[in-house]
2 protein chains.
Amino acid sequence: MTAPRIRPNLTQIAARLNVSVATVSNALSGKGRVSPEVAERIKATASEMGYVPARAARALRTGRSHVIGLVLPDISNPLFPQIARAIEQAAANVGYAVLIADARDDVSMQTEAIERLLERGVDGIVVVPRRGSRIAEIGSPVAVIDSPSTPGNTVSADHWQGGRLVMSHLLSLGHRKVLILGNDPTSNVQNDRVGGMRSCHPHVVEVMWAERIERQGEPGQPLRLAEKFAQGFTAFATVSDLLAIRALTELLGAGIGVPEQASVSGFDDLLWSSVVRPALTTVRMDLPLIAERAITALTDAIEHSLATPERPLSFGSVKLAAPALERVPMTLVVRQTTARASDAGTANIKTVQHGGRYQ
Amino acid sequence: MTAPRIRPNLTQIAARLNVSVATVSNALSGKGRVSPEVAERIKATASEMGYVPARAARALRTGRSHVIGLVLPDISNPLFPQIARAIEQAAANVGYAVLIADARDDVSMQTEAIERLLERGVDGIVVVPRRGSRIAEIGSPVAVIDSPSTPGNTVSADHWQGGRLVMSHLLSLGHRKVLILGNDPTSNVQNDRVGGMRSCHPHVVEVMWAERIERQGEPGQPLRLAEKFAQGFTAFATVSDLLAIRALTELLGAGIGVPEQASVSGFDDLLWSSVVRPALTTVRMDLPLIAERAITALTDAIEHSLATPERPLSFGSVKLAAPALERVPMTLVVRQTTARASDAGTANIKTVQHGGRYQ
DNA sequence: CTGAAAGCGCTTACAG
DNA sequence: CTGAAAGCGCTTACAG
């Protein structure tokens with residue numbers, strides 16, 4: 001039986017080759033000056049023995065766990081998977097794993113979540129803060145992703161510009177009365193989106209803040225969009241795909257044709273927006289880019305934090321190098337055009353594939 | 001300045017109190033026999049100094065990271081947040097953190113994800129396998145969550161019973177022609193759900209496998225449900241809320257009243273099912289319970305694995321203690337009843353709150 | 001280019 | 001009940 005049963009360590013590799021553990025360590029990390037031949041033999045033997053470095057030992061010695069935390073305002077938010085995936089990817093690219101924590105839409109739980117992660121020994125934290133909350137100095141590197149209107153923000157999508165994108169598209173289709181639909185007036189993100197929309201042509205739009213459906217099983221009040229349609233509104237521009245689908249089903253159920261008689265647009269480009277019929281025009285964030293920026297800012301902060309190998313991370317004195325806020329542009333995804341703008345014929349549904357967006 | 005800037009360690013606490021680190025360690029862990037008075041003083045001093053145990057050191061010494069991995073088939077699956085949250089909760093309850101890995105709907109990436117987690121030093125892994133894949137011996141404790149039809153499964157929802165629940169409800173409403181809608185004939189979960197539905201009354205149902213919408217931006221073919229309706233089908237029983245909403249918008253768009261003329265049901269009780277109008281009747285898994293069972297099985301396996309403090313986890317020889325598969329019953333959430341079964345008047349939409357389910 | 005040694009912070013037999 | 005000591009597996013000055 002040649003296969004080793006136990007996780008080999010550096011000492012065992014060293015013993016096998018009659019070299020020191022220091023040399024093995026150096027060869028494997030490529031740091032120390034080791035002769036190419038020896039390094040080669042060591043690497044070969046290591047992989048042959050199935051060597052996997054013990055993270056705990058490395059972390060103990062270097063003071064770096066190479067794990068970061070991701071604090072999300074609410075895991076049940078449909079956008080969460082995309083965020084989580086983007087952060088995970090960006091972190092993995094630079095050698096970090098991600099521990100996810102859920103603030104459950106509660107500021108005090110958000111604080112707790114941060115503390116829990118710190119106790120877990122993360123090197124830094126990415127926070128998507130609950131709306132209206134501020135991330136205090138936490139004694140550890142931090143990157144914040146929110147709307148550009150949030151103070152202390154690190155990076156975020158340009159929600160205002162996204163709002164302009166979708167509204168100017170609707171106006172270009174010929175709509176003259178547009179109802180803007182939000183459901184959380186305290187959200188910086190929603191306000192930015194609404195603000196961008198309104199800025200295009202304030203005279204043809206009206207804003208409506210719908211009741212928020214927080215929990216499952218509570219359908220909430222109808223939006224009474226049929227009444228709005230009767231008042232002459234032909235476009236319903238919402239701040240989220242969720243709200244858009246609520247609007248869409250209500251309009252369809254009232255016998256109003258979409259997109260023939262009215263347009264519905266969302267935000268975020270969730271899978272749902274392309275699954276409904278007609279599919280929704282929506283606006284998408286460049287999450288991979290946002291995540292990359294956040295991770296870069298965070299890992300920079302981690303590297304520049306006071307910790308040295310011999311003197312690990314100190315509490316209460318680490319600051320970000322005051323990075324400039326980055327605004328990442330959003331992208332319009334057109335899936336509905338009205339009869340006026342599209343070819344007559346078929347169902348007046350026009351789908352623009354991934355290549356066919358414009359900014 | 002009294003606040004210590006540096007993370008204190010056991011040695012510093014010990015020095016402050018003129019005791020040994022062993023005593024401090026014992027007092028804090030409650031393990032060793034330490035006199036109550038000393039233990040008290042130590043605990044007080046530790047918290048006053050803001051002591052936080054160094055996980056890396058503990059992990060190195062004990063051979064346990066107290067981190068587990070969660071491998072998911074596809075993070076963009078809308079059910080993922082609920083699963084992640086449930087597992088996280090259940091794991092946190094027993095002192096474990098969770099590292100999430102995404103298989104991106106690809107078997108080889110699933111294997112990679114497992115390996116990555118193992119290299120990260122997790123103590124065990126919970127896998128929700130990609131449909132059709134088998135989890136090989138991975139040399140580490142594992143718990144598998146899938147359908148009961150999946151071999152090697154640890155725990156899962158009773159999808160078959162869930163199918164029976166929703167179908168018998170539809171039949172009780174008076175439907176005589178029911179179209180069952182799935183979109184992945186290779187999925188054990190979907191097959192179980194469909195099987196359960198069919199088993200209720202095979203003569204009144206027909207099964208249709210729709211094209212799967214995998215990527216955003218590709219709306220896919222219409223389901224042509226209006227034709228089915230014309231053939232006399234009055235209930236559309238889908239295997240997922242996603243498919244249900246696709247069906248719902250198509251029916252509404254074709255001028256078919258829901259729920260007055262036709263019923264639509266889903267599976268999973270996602271937020272979306274209560275946001276659309278009319279809200280969807282659906283079936284829900286008891287994810288908290290499933291997660292708890294999975295975590296219990298996993299932590300048992302971890303504790304019984306061959307590793308001892310002095311001889312850490314071995315590779316290739318750890319097995320689960322062949323636990324019996326657990327089937328966790330599902331719950332019906334009724335949100336639509338047809339005219340026949342409900343009071344006349346209003347919109348024939350009846351919502352059953354969380355208290356009002358039945359199994 | 002290579003190695004001996006110290007030390008990261010903890011836990012755990014073992015001795016007193 | 002308390003403490004001295006070893007050791008988990010690594011990395012990193014430092015010496016040769």
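Order of the sequence lines fixes the chain letters, A, B, ..., with proteins taken first and strands second; residue numbering starts at 1 for each chain.
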Q: If I take atom CG in residue N26(B) and atom P in nucleotide dC10(C), what distance separates them, rounded to the nearest angstrom?
A: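 About 13 Å, once rounded to whole Å.
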Q: Let's see if you can work this out: which of dA5(D), dC10(D), dA4(C) has an atom nearest to the side-chain heavy atoms of A22(A)?
A: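 For A22(A), the side-chain atoms sit closest to dA4(C).
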Q: By the 4.0 Å heavy-atom rule, please label A54(A) as base, sugar-phosphate, or nothing.
A: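 The answer is sugar-phosphate, as A54(A) gets under 4.0 Å only of primed atoms, P, OP1 or OP2.
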Q: Could you please name the option among dG3(D), dG9(D), dT11(C) that lies closest to any side-chain atom of L60(B)?
A: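 For the L60(B) side chain, the nearest candidate turns out to be dG9(D).
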Q: Take the protein atom CD of E40(A) and the nucleotide atom P of dC1(C), then report the distance between them rounded to whole Å.
A: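 Spelled out: CD on E40(A) to P on dC1(C) is 15 Å.
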Q: Counting side-chain heavy atoms from CB outward, which of dA4(D), dT11(D), dT2(D) is closest to S25(A)?
A: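 The answer is dT11(D).
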Q: What's the separation between atom CG in L60(A) and atom CG in L60(B), rounded to the nearest 0.5 Å?
A: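 Between atom CG of L60(A) and atom CG of L60(B) there are 6.0 Å.
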Q: Nearest whole angstrom, please: distance from the P of dC10(D) to the NE2 of H66(A).
A: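 H66(A) atom NE2 is separated from dC10(D) atom P by 15 Å.
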Q: With no hydrogens and no angle check, do the side chains of D123(B) and S65(B) hold a donor and an acceptor under 3.5 Å apart?
A: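 Side chains of D123(B) and S65(B): pair found under 3.5 Å.
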Q: Expressed as a whole number of angstroms, how long is the span from R61(A):CZ to dG9(C):P?
A: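 Rounding to the nearest Å, CZ of R61(A) and P of dG9(C) are 10 Å apart.
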Q: What is the nucleic acid contact for S35(B), judged by heavy atoms within less than 4.0 Å: base, sugar-phosphate only, or nothing?
A: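 Sugar-phosphate contact only.
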Q: Rounded to the nearest angstrom, tell me the gap between atom CG in L10(A) and atom P in dA5(C).
A: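 The answer, rounded to whole Å, is 18 Å.
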Q: Taking 4.0 Å as the cut-off, does a side-chain nitrogen or oxygen of S20(B) come that near to OP1 or OP2 on dG3(D)?
A: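 Checking dG3(D) against S20(B), a side-chain N or O does come within under 4.0 Å of OP1 or OP2.
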Q: Could you tell me whether R85(B) and D74(A) make a salt bridge, using a distance below 4.0 angstrom between a side-chain N and a carboxylate O?
A: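 Salt bridge present between R85(B) and D74(A).
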Q: Between I138(A) and I125(A), does the side-chain contact (heavy atoms from CB on, under 4.5 Å) criterion hold? Intermediate values first, please.
A: CA-CA 10 Å; I138(A) 60 172; I125(A) 299 185; 4.2 Å; yes
Q: Is any side-chain nitrogen or oxygen of K31(B) closer than 4.0 Å to OP1 or OP2 of dT12(C)?
A: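 The answer is yes; a side-chain N or O of K31(B) sits under 4.0 Å from OP1 or OP2.
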Q: Nearest to the side chain of T23(A), which nucleotide is it out of dT11(C), dG3(D), dG3(C)?
A: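 So the nucleotide nearest the side chain must be dG3(C).
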Q: Rounded off to whole Å, could you give me the CD1-to-P distance for the I42(B) and dC10(C) pair?
A: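 Atom-to-atom, I42(B) to dC10(C), this comes out as 13 Å.
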Q: Check whether any side-chain N or O of Q82(B) sits under 3.5 Å from a backbone N or O of L287(B) as a donor-acceptor pair, and report yes or no.
A: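 The answer is no, because no donor-acceptor pair under 3.5 Å joins these two groups.
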Q: Test T299(B) against Y96(B) for side-chain contact (heavy atoms from CB on, under 4.5 Å), laying out the working first.
A: CA-CA 9 Å; T299(B) 51; Y96(B) 281 82; 3.7 Å; yes
Q: Let me check I have this right: for DNA chain D, each base becomes ., (, ), [, ] or |, based on Watson-Crick or G-U pairs with both distances under 3.5 Å. What is the full string?
A: |||.||||||||.|||
Q: Do R64(A) and I302(A) touch side chain to side chain, with heavy atoms closer than 4.5 Å?
A: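 Counting from C-beta outward, R64(A) and I302(A) do come under 4.5 Å.
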Q: Would you kindly give the CG-to-C1' distance between N9(A) and dC8(D), to the nearest whole Å?
A: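 One finds 10 Å between C1' of dC8(D) and CG of N9(A), rounded.
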Q: Nearest to the side chain of A57(B), heavy atoms from C-beta on, is which of dG3(D), dC10(C), dT12(D)?
A: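 Of the candidates, dC10(C) comes closest.
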Q: Would you say that V52(B) contacts L118(A) through its side chain, given a criterion of any heavy-atom pair below 4.5 Å between the two side chains?
A: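 When only atoms from C-beta onward are counted, L118(A) and V52(B) do not touch, as no gap falls below 4.5 Å.
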Q: Just to confirm, is there a sub-4.0 Å distance from OP1 or OP2 of dT11(C) to any side-chain nitrogen or oxygen of R58(B)?
A: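 Checking R58(B) against dT11(C): at least one side-chain N or O falls below 4.0 Å of OP1 or OP2.
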Q: Can you tell me how far P of dT2(C) sits from CD1 of I13(A), to the nearest Å?
A: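 About 16 Å, once rounded to whole Å.
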